[in-house]
Amino acid sequence: MSGSVEQPPQPANALRLHRQLAAIWATGPGVQRLAAVNHSVLGLRMMITSFVFFAIGGVLGMLTRVQLATPNSTFMDAGTYNQVFTMHGSMMLFLFAIPMVESVAVYLTPKILGTRDFAFPRLTAYGYWCYLFGATILTVSLLAGVAPDSGWFMYTPLSSNVFTPGINADVWLLGVTFVEISALSLAMEIVVSVLKMRAPGMSLDRMPIFGWYILVTALMMIVAFPPLILGSILLEVERAFGLPFFDPARGGDPLLWQHLFWLFGHPDVYIIFLPMAAVLSTIIPVFAGRPLVGYRAIVVAIVALAFLSFGIWVHHMFTVGIPHLALAFFSAGSAIVAVPTAVQIFAWLATLSHGRPRWDLPMLYVFGFFFVFVAGGLTGVMLAMVPFDWQAHDTYFVVAHMHYVVAGALAFPMLAALYYWLPLLTGRSTVQRLSTVAFWLVFVGFNMTFFLMHLTGLLGMPRRIYTYTGYESWNWLNLLSSVGSFIMTIGFALVVIDLVVQLRYGRRVRRDPWRATTFEWAMPIPPQPYAFASIPHVGAGTDRTEAGRIALSLARGEGYLGAARNGWQETLGVHMVSGKPDQLIVLPQPTYLPLWTALATAVAVLALLFKLYPVAIVATVVIAGLFVLAAQRSGHARDYGPLPVGRGVSVPPHTEVAEAPPWLALICVLVADGTLFASLLFGTFYLWIAAPNWPGGVSPDPSRLLALGAVAALAVGAVASRLSLRALAAAGGAQGWIVLAMLALAGSIAALVGMMGGVTPDPRTHALGATAVALLCFVVVHAGIGLLFLVSNLLRLAGGRVSPRRLVDFRLTRLWLDYTTVTGVLALALVLALPALVSVLGARA
Amino acid sequence: MNARGHSVPARRLWWLAAGFTVWCNALVLLYALHAIGCVFAWPAGALRWTLVVVFVAHLVAVGWLWRKAASAERGAAAGDTGNFLQVVIEWTMIAAFAATLVTFGPPLWLTACL
Ligand code: HEM
Ligand SMILES: [Cu+2]
């Protein structure tokens, strides 16, 4: 044991430690709540917010069921119905499902992994605000009667400005993208946190399976969202500025939208499913009274699932006229995706059958899940068969399938999770009788509502119709389905009542009421802002210890970091594989910065919505400034060297190590950004190959000289940033190199803008020009962000925030500029080559 | 601190993604080549053989990765964590091999551009 932080445990230690840590970690009262950055606070807020949107989305769903209960209904007109069902789907998926699973991840992951918070608390807060503001914009549009009305998937050309001239579609494109900023930023921080911030000794094979699921899900989000974000940007640009990416009359292709959308859309269904599978894999062993069967098999299965789910998006497009041979790839892929899903289901069943299952409320919902999800999985495999899909596509059969899987994979485990973790959140246990009734109402109502949709679908009822004549033999089925939806709603209402009753009258629970072994139960109930008074150690001896048993020793400060130091919010970073502590991570205090940044982002989004472009530009500059400011405030102003962290271990602060969280975060950003870039390349090639009205042999000549100049300038920037890093490491002057890099980037931006001016054909008249502009814009934006990195470097250099030992900033800049150079070369090569390609391969058949 | 698996470097984690990355690559290449072949009216035989070659090349690539993963150090020296990663990586390779075989093999028998 070393250093002054080690004190022998004393009886009063727990309370004193609690007071000290609470003072450091707490979020202030009153308005200061808006400055919260703590994962417990934000996770809970996000959860509650998502449930509010669940309620609104649910009401919208009920409205559609009222409309469809009887033929020729005059309850809603067609226009209103379009808004209602579009918002129902969009809200449920973008404003409820994704944020809800993320909120579960935010709230629980650090606790289950035995650490005090996520790596980037300010980003958590920014993510939350973006979600709230984006969702609010969408909701307000509903109240104003200008809600999106082209379906939750916004197919072009219906959503293009020819057919949807109002701002309805813009609300969706901008609002949903805004919300996705939050999804992406949270995903990145989850990846970094799961990999780097676990309890010491928690090697990857000791990590609770929950961590694997959340890690894989977050990685999937990083890759899944960029295609949709790109699609939304391109469609918004087409609608606002007339660049024809999706307009077939000018060389665009409406099917490009479907590709980009489902490239996101299919992985998204697994992004929703996997965290819920994480819940099941966590709960089932507790109730079975034995460890999960097939831990390794499940890890393999979720890795496989993650990849396979990206390769089957075309099963949503079986009817668009793609050649059979290509369809067969996706059909086969869709069928085998059932295998890793089945592996998990059998692992759960085996866990139950090998254990001595306790029957408690969460298990009731687990049972509901099994029933509903397996049924939905089977209809999924049916739809994956091309000939069947040709019959069932765009009918209520698909609506039935998706509700069985999305609602089954989401609602039932979600309620199981709620009842399982509610004692942790509230310190009270549920009132059994009410919740059992609630379950059966939800279960029966659910099956009644959605099972019958299989039948109406097979009887030919198309999706998205607002009424029917009454002679189609769908009347009874639709009426019963509507009745079922009311039963289900009553069930959900009972759940809500049950929660309220529980909060007021529930029995107080002791620590670890379920006798679980995961660390979220090894803390005071309800959780404190610092989560663990000291951080647990994981080793062979602790693997199956009930969490409640170690709680007291942790509270007395007998784990790592069991003392307050410098008023720092401290937690540990570990080696990604072995879980050996390798850095002391000091987290930022509560701040209003995320709120201001999100507000500025909201202004930018609204300005784009109302076409006030100068305002949007100003807001963007403000956002950039706020990000630079946020960077200013992080890290330490001096070198510390190794600091004692308890149990005889000393590690350097995160500012002084190579594998620091920001470094990993940048890698995540580049993966996301690289996916966006790849999608843009895909889109360009796609239009070239598939879009109608592409000229055979135009030879627009983009200026080679400017292109060469731009690339050379980017390269100079990258080299200069390398040299600045070298200079800093050698304690020399780095300013000169930084300024040189800035000049080079500015030069390349000038050259690129020059090229954009000279693009032929005019980008508004043909997609060939439009894609060229899009590619050039991509490079300009990245060079611009590179400038921000360099500005930040200069400021931090001046403020003493970097030193030969604290190099992370400069390494980030170097990586960013390398990336910018590589993508820049590729983008410019494509801009130069595309017109030539058009003539090289000759005429299309 | 014990040193379980301490010797396993973090970059070993990339191997978890390697097998299925090849699968993804096969999908992208096959899908793109097939589309290009059909659009530019390549002769059906030539198109099919191109696809078969690409398919087999990817199968070989996954197979090679599988062998490489299987031959990594195992046993007490690798530690619990090392052995865990080893097994998991090997099985992702096996899964990726099977997936490549099943998803891309049979479709190549179909009429090229119908
Ligand atoms: C064995 C696994 C699955 C297979 C093979 C499968 C297959 C399919 C197919 C082929 C379609 C398109 C039907 C059409 O539009 O003609 C579809 C639609 C859909 N699936 Fe699945 N699915 C599976 C699992 C899931 C899961 C787990 C979820 C959600 C958690 C899900 C959510 C959806 C949704 C939301 C749609 C409808 C999208 C829309 O058109 O609005 N599926 N599925
Ligand atoms: Cu799908």
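Below, read A as the first sequence line, B as the second, and so on, with proteins coming before strands; counting in each chain starts at 1.
Remark: Arg12(B) is positioned above the aromatic ring of Trp15(B), its terminal NZ or CZ atom under 6.0 angstrom from the ring centre and at most 45 degrees off the axis.
For chain A, the nearby part of Leu13(B) is the side chain; its heavy atoms alone come within less than 4.5 Å. Both the backbone and the side chain of Thr92(B) come within less than 4.5 Å of a heavy atom of chain A. Only the side chain of Trp23(B) has a heavy atom closer than 4.5 Å to any heavy atom of chain A. With a 4.5 angstrom heavy-atom cutoff, Cys113(B) touches chain A only via backbone atoms. Leu30(B) touches chain A through backbone and side chain together, each having a heavy atom under 4.5 Å away. The contact between Leu204(A) and chain B is made by backbone and side chain atoms together, counting heavy-atom distances below 4.5 Å. Contacts of Leu85(B) with chain A are made by side-chain atoms alone, with heavy-atom separations under 4.5 Å and no backbone atom involved. Contact of Ala98(B) with chain A is not made at all, since no heavy-atom distance falls under 4.5 Å. For Val339(A), no part lies near chain B; criterion is any non-hydrogen pair under 4.5 Å.
At least one donor-acceptor pair closer than 3.5 Å links the side chain of Arg48(B) to the backbone N or O of Leu108(B).
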Checklist entry - Can you list the steps and then say if Val657(A) with Asp582(A) is a side-chain contact (heavy atoms from CB on, under 4.5 Å)? => result CA-CA 8 Å; Val657(A) 295; Asp582(A) 65 5; 5.8 Å; no

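Separating the OG1 atom in Thr675(A) from the CZ atom in Phe264(A) is a distance of 14.0 Å, to the nearest 0.5 Å. With rounding to the nearest 0.5 Å, the separation of CG in Leu195(A) from CD1 in Ile667(A) is 10.5 Å. Note that the CE atom of Met220(A) and the CG atom of Leu215(A) stand 12.0 Å from one another [nearest 0.5 Å]. Atom CE of Met207(A) sits about 10.0 Å away from atom CD1 of Ile214(A), to the nearest 0.5 Å.
Under the side-chain hydrogen bond (donor to acceptor under 3.5 Å, both in side chains) test applied with Trp313(A), the options His259(A), His266(A), Gln258(A) reduce to a single match, His259(A).
Top candidate by heavy-atom pairs under 4.5 Å with chain B, chosen from Phe685(A), Phe330(A), Phe682(A), is Phe330(A). The greatest number of non-hydrogen atom pairs below 4.5 Å with chain A, out of Thr103(B), Leu110(B), Leu51(B), is found for Thr103(B). The most heavy-atom pairs under 4.5 Å with chain B, out of Leu308(A), Ile336(A), Val299(A), come from Leu308(A). Most heavy-atom pairs under 4.5 Å with chain A, from the set Trp109(B), Trp91(B), Phe104(B): that is Phe104(B).
Using the six-membered ring where Trp is involved, Phe329(A) and His34(B) have ring planes that are perpendicular, over 60° apart on the 30 and 60° scheme.
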